[in-house]
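In what follows, every heavy atom counts, from backbone to side chain, and hydrogens, waters and symmetry copies are set aside.
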Amino acid sequence: HSNAIAGPIPASISALGNLRGLYLFNNLFSGSIPSMLSPVLQALDLSHNHLSGPIPPELASSSALLRRVNLSYNRLSSTIPSSMASLSRLQILSLSHNQILGPIHPLIIASQLSYLQTLDLSHNLLNGSFTIDSVAPSPSSPSSVKQELFPSLLTLNLSFNGLTGVLPREVGDMTMLLNLDLSNNGFSGPIPAELGNISGLSSLDISHNNLSGSIPSSFTQLSNLTAFNCSYNSLTGEVPKLSHSFADSAFSGNLGLCAFSSSSPCPAIAEAPSPGGPYDASTTLGEGETSFAKKKRKKLLHDSSLKKK
């Protein structure tokens with residue numbers, strides 16, 4: 001690696017039948033990824049090159065023992081092949097900083113990635129919704145039992161894509177997560193309260209989306225959360241008391257948010273006078289005030305000002 005080697009990766013590399021690790025990162029390789037590699041290959045790092053074209057669907061079948069795959073910082077295009085979901089021993093998959101298109105469903109439907117710890121698909125052209133309600137049960141479990149998706153996942157990065165739709169509440173079932181970055185997409189709707197179930201979560205970035213509603217009160221349970229950013233959404237309401245303090249910039253761009261710092265208190269809500277008590281003509285009755293009550297209050301204010309004169 002790091003030798004400034006240029007040109008295509010020779011197809012004859014597949015003849016190295018006992019190759020367990022292929023590290024060609026930080027070079028100038030161009031062309032496509034060979035579709036056939038060693039059947040005992042466990043680590044593949046082709047990152048930081050000029051490789052283009054699709055990820056070969058045959059890669060998963062020809063090298064089924066792969067544990068670490070890093071194809072980031074290339075010019076790969078097309079969609080994620082569904083065969084990648086069959087790499088049952090895969091622990092790290094990084095496809096970031098490419099031009100990969102389409103949805104992420106191929107990695108989710110019938111996924112066997114139970115040992116996956118890092119999934120980085122950031123800085124691509126992925127689109128569609130992030131739904132995880134189609135996870136098939138494993139062959140060893142009853143068909144009625146829905147399997148937990150990515151039970152070993154520690155880092156999930158889907159940032160800087162074109163993903164849309166609501167955030168699935170099932171993300172809260174990924175209880176091993178430490179780092180979750182969903183920023184710079186087009187997600188909408190509320191923040192799932194189930195995210196508060198990920199007790200070990202230390203970093204959460206949901207900034208630059210179209211999320212609405214309030215920050216769930218369940219976030220007060222995230223005692224390990226030390227990095228948080230929800231800026232530039234359409235969030236409203238009072239920020240719950242989080243276990244750590246965060247800079248104002250973590251909440252900026254949400255005009256309806258309040259109480260995230262001493263300089264952003266929530267507006268006081270005026271109380272209506274108690275029944276039978278003295279009537280204060282200056283009391284604001286709020287949006288529910290009838291037109292008759294409004295006229296009466298205006299008259300009382302007018303009469304009061306005349307008496308003072």
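Heavy atoms only, all atoms of each residue included: Asn179 and Ser202 are closest at OD1-OG, 3.6 Å. Residues Ser249 and Asn229 share a closest heavy-atom pair of O-OD1, 4.1 Å. Summarising the geometry of Ser86 relative to Ala60, their closest heavy-atom pair is OG-CB, 4.0 Å, with the distance given to 0.1 Å. Shortest non-hydrogen contact noted between His48 and Asn74 is N-ND2, 4.1 Å. The two residues Asn161 and Asn124 have their closest heavy-atom pair at OD1-C, 3.0 Å. Residue Leu107 comes nearest to Phe150 through the heavy atom pair O-CZ, 3.7 Å, listed as atom of the first residue, atom of the second, then distance.
Annotation: side chain of Phe251 is in contact with side chain of Ile215 (closest heavy-atom distance under 4.5 Å). You'll find the side chain of Leu44 reaches within 4.5 Å of the side chain of Leu37, heavy atoms only. Between Leu201 and Asn224 there is no side-chain heavy-atom pair separated by less than 4.5 Å. Between Val171 and Leu195, the closest side-chain pair of non-hydrogen atoms falls below 4.5 Å. Two residues are said to be in side-chain contact when any heavy atoms from C-beta on lie closer than 4.5 Å; Leu101 and Asn127 fail this criterion. Within the 4.5 Å cutoff, no side-chain heavy atoms of Leu178 are placed close to those of Thr155. Contact annotation: the side chain of Ile80 approaches that of Leu121 to within less than 4.5 Å [non-hydrogen atoms, C-beta and beyond].
Counting only distance, with no hydrogens or angles, the side chain of Ser231 and the backbone of Ser207 share no donor-acceptor pair below 3.5 Å. Under a 3.5 Å cut-off, the side chain of Ser183 and the backbone N or O of Ile206 do not form any donor-acceptor pair. The closest donor-acceptor contact from the side chain of Asn70 to the backbone of Ser47 lies at 3.5 Å or more, if one exists at all. Distance alone, capped at 3.5 Å, places no donor-acceptor pair between the Asn197 side chain and the Thr175 backbone. At distances below 3.5 Å, not a single donor-acceptor pair connects side-chain atoms of His50 with backbone N or O atoms of Arg75. Side chain of Asn27 to main chain of Ile5: a donor-acceptor pair is present (N/O by atom type, distance under 3.5 Å, no hydrogens or angles). Side-chain atoms of Ser63 come within 3.5 Å of backbone atoms of Ser38 as a donor-acceptor pair (strictly under, hydrogens ignored). Not a single donor-acceptor pair under 3.5 Å links the side chain of Gln99 to the backbone N or O of Ser77. At least one donor-acceptor pair under 3.5 Å links the side chain of Asn185 to the backbone N or O of Leu163.
Classified by interplanar angle (parallel below 30°, tilted 30° to 60°, perpendicular above 60°), the ring pair Phe130/Phe187 is tilted. Ring pair Phe25/Tyr23 is perpendicular by interplanar angle, where above 60° counts as perpendicular and below 30° as parallel.
Grouping Ile, Leu, Val, Met, Phe, Trp and Tyr residues whose side-chain heavy atoms lie under 4.5 Å apart, directly or via other members, leaves Met36 alone, with no other cluster members.
Between the CG atom in Leu65 and the CG atom in Leu87 there is a gap of 9.5 Å [rounded to 0.5 Å]. Taking OG from Ser159 and CG from Asp205, the interatomic distance works out to 7.5 Å, rounded to the nearest 0.5 Å. Taken to the nearest 0.5 Å, the OG atom of Ser243 stands 11.0 Å off from the CZ atom of Phe228. Here Glu194 contributes atom CD and Asp173 contributes atom CG; the two are 8.0 Å apart, rounded to the nearest 0.5 Å. Between the NE2 atom of His123 and the OG atom of Ser96 there is a distance of 7.5 Å, given to the nearest 0.5 Å. Here Gln112 contributes atom CD and Met84 contributes atom CE; the two are 13.0 Å apart, rounded to the nearest 0.5 Å.
When the side chains of ILVMFWY residues are joined at heavy-atom separations under 4.5 Å, either directly or via intervening members, Tyr73 and Leu93 end up in two distinct hydrophobic clusters. Residues Leu16 and Leu24 fall within the same hydrophobic cluster, defined by Ile, Leu, Val, Met, Phe, Trp and Tyr side chains chained together at heavy-atom separations under 4.5 Å. There is a path of hydrophobic side-chain contacts, each under 4.5 Å, that joins Leu153 to Leu204. Linking ILVMFWY residues whenever their side-chain heavy atoms come closer than 4.5 Å, directly or via other members, leaves Met176 and Leu180 in distinct clusters. Each of Val69 and Leu154 belongs to its own hydrophobic cluster when Ile, Leu, Val, Met, Phe, Trp and Tyr are linked at side-chain heavy-atom distances under 4.5 angstrom.
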Derivation of the side chain to side chain contact (heavy atoms under 4.5 Å, CB included) call for Leu182 and Leu167: CA-CA 9 Å; Leu182 304 174; Leu167 294 179; 3.7 Å; yes
Verdict with reasoning, Leu22 to Ile13, per side chain to side chain contact (heavy atoms under 4.5 Å, CB included): CA-CA 10 Å; Leu22 180 58; Ile13 201 169; 3.6 Å; yes
Intermediate values then yes/no, side chain to side chain donor-acceptor pair (under 3.5 Å), Thr131 and His105: CA-CA 8 Å; Thr131 54; His105 289 168; 2.9 Å; yes
Derivation and outcome, side chain to side chain contact (heavy atoms under 4.5 Å, CB included), residues Ile92 and Leu90: CA-CA 6 Å; Ile92 298 173; Leu90 195 62; over 6 Å; no
Residue pair Asp248, Phe260: steps toward the side chain to side chain contact (heavy atoms under 4.5 Å, CB included) verdict: CA-CA 7 Å; Asp248 290 2; Phe260 53 83; 4.0 Å; yes
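Among residues two or more places apart in sequence or in another chain, the side-chain contact (heavy atoms from CB on, under 4.5 Å) test is passed with Tyr232 by His208, Ser252.
Checking Leu235, Leu211, Asn209 one by one against Cys230, the side-chain contact (heavy atoms from CB on, under 4.5 Å) holds for a single residue, Leu235. A side-chain contact (heavy atoms from CB on, under 4.5 Å) with Asp120 holds for exactly one of Leu95, Leu158, Asn157; it is Asn157. Applying side-chain contact (heavy atoms from CB on, under 4.5 Å) to Leu71 and the options Asp45, Ile100, Leu46 leaves one that passes, Leu46.
Between Asn210 and Ser188, the side chains place no donor N or O within less than 3.5 Å of an acceptor N or O (distance only, hydrogens not considered).
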